[in-house]
Amino acid sequence: MGAYAGVDLGATHIRAVIGDETGSIVASHKTETPRGPSGIAVTEAVLDAIRQACDAADIAPTDVLAAGIGSFGPMDLAEGVVENPANLPDTIDRIPLTGPVENLIGSERVSLHNDANAGVIGERFYSDRNPDDMVYLTISSGVGAGVAVDGNILSGWDGNAGEVGHLTIDPQGFMTCGCGHDGHWEAYCSGENIPRYATQLHREDPVETALPIETEEFSAADIFEYAGEDEFASHVLDQICHWNAIGVANIVHSYAPLVVYVGGAVALNNPEQVLEPIRNRLDDMVMSNIPDIQLTQFGDDVVVRGALASALTGGTGDPSQRV
Ligand SMILES: [Zn+2]
């Protein structure tokens with residue numbers, strides 16, 4: 001069997017899979033992402049996850065022909081490293097990935113992508129519907145997109161194409177983004193920022209609400225749970241849907257996709273409440289063709305599948321480019 005490896009490096013978990021030449025996953029290993037002491041500890045954990053997945057597949061790491069990695073950013077693609085990740089402790093400054101994985105498998109066929117790009121590569125390879133023009137949008141602890149245009153996965157300068165979470169969707173700049181700028185999409189709609197946004201709205205207009213606002217436990221899940229029953233929660237969700245629709249409309253006008261696959265915990269946990277309002281609002285916002293807005297079929301696996309698909313297709317996700 002020709003063996004290929006895919007790795008999803010996330011802020012909480014690392015997952016490595018081994019697949020055959022058709023892209024079927026034959027073994028997998030999941031472990032927690034170390035929170036220190038340094039970036040090398042994360043590198044070691046990635047290598048160990050690949051070794052364990054190889055063990056489970058009953059092969060040696062050197063039997064792996066090619067590997068793909070989907071990771072949080074920011075990254076230096078030329079160096080094959082993640083640099084100063086925002087969602088891990090400050091002591092983790094640099095995580096070497098491409099070089100150490102090349103050494104482990106004894107092959108230079110190792111590709112590194114940010115997680116949203118891995119997502120669109122996964123959709124392109126595994127979806128029943130995989131046109132040349134498509135987008136994978138993740139709404140999770142951040143908002144980001146992987147984009148395929150004319151059959152090419154867009155990368156851009158330093159791999160920063162598709163950083164749509166930092167599109168300005170609110171010119172009033174009511175919320176400040178984690179990046180320091182005002183009015184960015186993910187400052188309103190990411191899983192982390194939804195409760196912050198609700199709290200800020202409530203401070204402006206402290207109406208009666210059943211939401212546990214101003215408590216430690218207050219989370220995005222509360223908004224989705226209380227919406228429909230609690231007037232303020234419904235208002236917050238309506239605003240979030242409004243910003244999501246503006247963001248998706250901007251994506252549609254920028255890239256003209258036939259389909260937008262949506263993933264990430266916020267969408268996966270609340271598919272109807274997130275996707276249906278986007279579908280309903282696009283008609284009033286978009287002057288060109290309206291794409292299908294679909295939930296990813298691959299759930300949490302889309303990034304690791306994309307990493308595996310990248311290994312199989314030389315980083316393109318194009319099933320006809322299988323190597
Ligand atoms: Zn931003």
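Start at 1 and go down the list; that is how both ligands and their atoms are numbered. Throughout, numbering of the chain's residues begins at 1 and tracks the sequence.
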Enquirer: Would you confirm whether the ring centroid of Y197 sits within less than 6.0 angstrom of the ring centroid of Y188?
Expert: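 Y188 vs Y197: aromatic centres under 6.0 Å.
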Enquirer: Please check if any side-chain donor atom of T138 sits under 3.5 Å from a side-chain acceptor atom of S140, or the reverse.
Expert: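 Result is no, nothing qualifies.
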Enquirer: Within less than 2.8 Å of the Zn ion (ligand 1), how many protein N/O/S atoms are there?
Expert: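 Near the Zn ion (ligand 1), the number of protein N, O or S atoms below 2.8 Å is 4.
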Enquirer: Does the distance from a Lys or Arg side-chain N to an Asp or Glu carboxylate O, for R94 and E79, drop under 4.0 Å?
Expert: yes
Enquirer: Quick one: salt bridge (Lys or Arg N to Asp or Glu O under 4.0 Å) partners of R129, sequence neighbours excluded?
Expert: D292
Enquirer: Any salt bridge linking R15 with D300? Criterion: basic side-chain nitrogen under 4.0 Å from a carboxylate oxygen.
Expert: no
Enquirer: I'd like to know if R281 pairs up with D238 as an ion pair, taking the criterion as any Lys NZ or Arg NE/NH1/NH2 lying under 4.0 Å from an Asp or Glu carboxylate oxygen.
Expert: yes
